[in-house]
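Worksheet: one structure, shown below.
Naming: A, B, ... by sequence-line order, numbering from 1 per chain.
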Number of protein chains: 2
Amino acid sequence: MSNDRSLTRTDERYQAMLQALKQANLRLTPQRMAICRYLSRTRSHPTPNDIFHAVHEQFPTISRATVYNTVAVLKDLGEIIELSCTGGASVRYETELTPHVNLNCTRCGRIYDFPMEKINEIFETIDSRTDFQLENIHIKGYGICPICQKELEQEEASA
Amino acid sequence: MSNDRSLTRTDERYQAMLQALKQANLRLTPQRMAICRYLSRTRSHPTPNDIFHAVHEQFPTISRATVYNTVAVLKDLGEIIELSCTGGASVRYETELTPHVNLNCTRCGRIYDFPMEKINEIFETIDSRTDFQLENIHIKGYGICPICQKELEQEEASA
DNA sequence: TTTTAAAATTAGAGCAATTCTAAACAAGGA
DNA sequence: TCCTTGTTTAGAATTGCTCTAATTTTAAAA
């Protein structure tokens, strides 16, 4: 987040998003740009609510509808990935586009990215063996994250 | 669905579910049994609403809360799998417990099961390379299903 | 049996995420 | 300038899910 390399990277992501909007003949409104800026800089997996609050600081009049519309567009353009969720929980958006696994902690809800090149192989395997016109695949892992493991140990120790 | 082999299989699944409830010291109420029966027989990926309507025919007074409670219990017992969903869409439940990929059609929303033993290998790979306490993984594919592919071809032909 | 206590079910209220709608607003081209 | 089209906005509507309090069922004890 604070070194040159990642700054360059977030800037690239930001420019790519704007470019994509332009090429789709969509206007680069200040609101859309603010949303893209936030998405390109975050390393978390924000919910529409997170995005709304972040952008709200700059644009106090922004509406939730604009957030939902913009992320829908960015998703269709392939600039972000919509992470599915269980139950009534909110959607989250993924800005990391390189092949990776999402590790979901079932205790705290945090999502970790785990890079895995092999995913392309897995894609090929599935694609070649079905008559489905496969566009992309997504791997999710569920379990307990390192932070929660420690917390659980401490709880047990003090019990 | 209609041959001996699959009948036996659905029956096994049904018995396994009842057994699991019993072992967890939960009562085998008629409502729970009806829900298990429906789940063990379906080949689809039903939503709580689907389950509610199916069981409602037999138990006109059944409440949605009972459906939600029962699937939560069955999920905790590992008898069914909760499929995550995007946006406001409803959860779906998976009754097929052997390793497989869920292929989601982005046009019609159908979900297809694609068996893949390799998933256990992938699990091991991820598990061995992270300090996450991995419990299970889930692979989803997105694309256009064969049925929709044909429909799209026809639409194009007639256009 | 009848009694009793715990467990389960029910209907409906409550909640939170998302979508919809109609009006206001902004931008670019004639 | 006006006109058209695309965008944003606020808030209402909708939906899926959870919670709650009252009622009913269950299984086991007396």
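Between B/Leu26 atom CG and D/dT26 atom P the separation is 15 Å, expressed in whole Å. Taking atom NZ on A/Lys22 and atom P on C/dG28, their separation rounds to 12 Å, with Å as the unit. With rounding to whole Å, B/Arg92 atom CZ is found 11 Å from D/dG16 atom P. Between the C1' atom of C/dT9 and the CZ atom of B/Arg32 lies a distance of 9 Å, rounded to the nearest Å. Atom-to-atom, CG of A/Leu28 to P of D/dT8 comes out at 11 Å; the value is rounded to the nearest Å. What separates CG of B/Asp50 from P of D/dC17 is a distance of 11 Å, to the nearest Å. As rounded to whole Å, 9 Å separates atom P of D/dT9 from atom CZ of A/Phe59. Nucleotide C/dT9 holds its C1' atom 15 Å from the CG atom of B/Leu21, rounded to whole Å.
The residues A/Glu79 and A/Arg32 are annotated as not salt-bridged, no charged nitrogen and carboxylate oxygen being separated by less than 4.0 angstrom. A/Arg43 and A/Glu96 are not joined by a salt bridge, as no carboxylate oxygen comes within less than 4.0 angstrom of a charged side-chain nitrogen. The existence of a salt bridge linking B/Arg92 and B/Glu82 is excluded, since no basic side-chain nitrogen approaches an acidic carboxylate oxygen closer than 4.0 Å.
One finds no side-chain N or O of B/Thr66 lying less than 4.0 angstrom from the OP1 or OP2 phosphate oxygen of C/dA8. Contact annotation: B/Arg64 side-chain N/O to C/dG12 OP1/OP2 distance is not under 4.0 Å. Considering only side-chain N and O atoms, A/Thr29 lies nowhere under 4.0 angstrom from the phosphate OP1 or OP2 of C/dA26.
Looking at the side chain of B/Pro48, the nearest of the listed nucleotides D/dC17, D/dT26, D/dG11 is D/dC17. Side-chain proximity of B/Thr61 to the nucleotides C/dT9, D/dT9, C/dT10 is greatest for C/dT10. In this structure, the nucleotide among C/dT9, C/dT10, D/dT7 sitting nearest to the side chain of B/Ile62 is C/dT10. Distance from the side chain of B/Val91 is smallest to D/dC17 among D/dC17, C/dT9, C/dA8. For A/Asn69, the side-chain atoms get nearest to D/dT8 when compared with the rest of D/dT8, D/dT7, C/dA11. When the nucleotides D/dT7, C/dA17, C/dA8 are ranked by their closest atom to the side chain of A/Tyr68, C/dA17 comes out on top. Closest to the side chain of A/Arg27, out of D/dC19, D/dG6, D/dT8, is D/dG6. Of the candidate nucleotides D/dT26, C/dT10, D/dT8, C/dT10 has the atom nearest to the side chain of B/Gln31. Checking C/dT10, D/dT8, C/dT18 against the side-chain heavy atoms of B/Ser63 singles out C/dT10 as nearest.
With hydrogens and angles left out, the side-chain atoms of A/Ser84 and B/Ser84 include a donor and acceptor closer than 3.5 Å. Using modelled atom types, one finds no donor on one side chain facing an acceptor on the other under 3.5 Å when comparing B/Asp50 with B/His45. Side-chain polar atoms of B/Arg110 and B/Asn104 form no donor-acceptor pair below 3.5 angstrom.
Here the closest heavy-atom approach between residue A/Glu117 and residue A/Pro99 is recorded as OE1-CG, 4.3 Å. What you find for A/Gln31 and A/Phe59 is that their closest heavy atoms are N-CZ, 4.3 Å.
Judged by closest nucleotide on DNA chain C, B/Pro60 is the one of B/Pro60 and B/Gly87 placed further toward the 5' end. For the pair A/Ala65 and A/Asn49, nearest-nucleotide mapping onto DNA chain C gives the more 5' position to A/Asn49.
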**Q.** Canonical and wobble pairing (Watson-Crick, G-U, under 3.5 Å) of DNA chain D, dot-bracket with |
**A.** ||||||||||||||||||||||||||||||
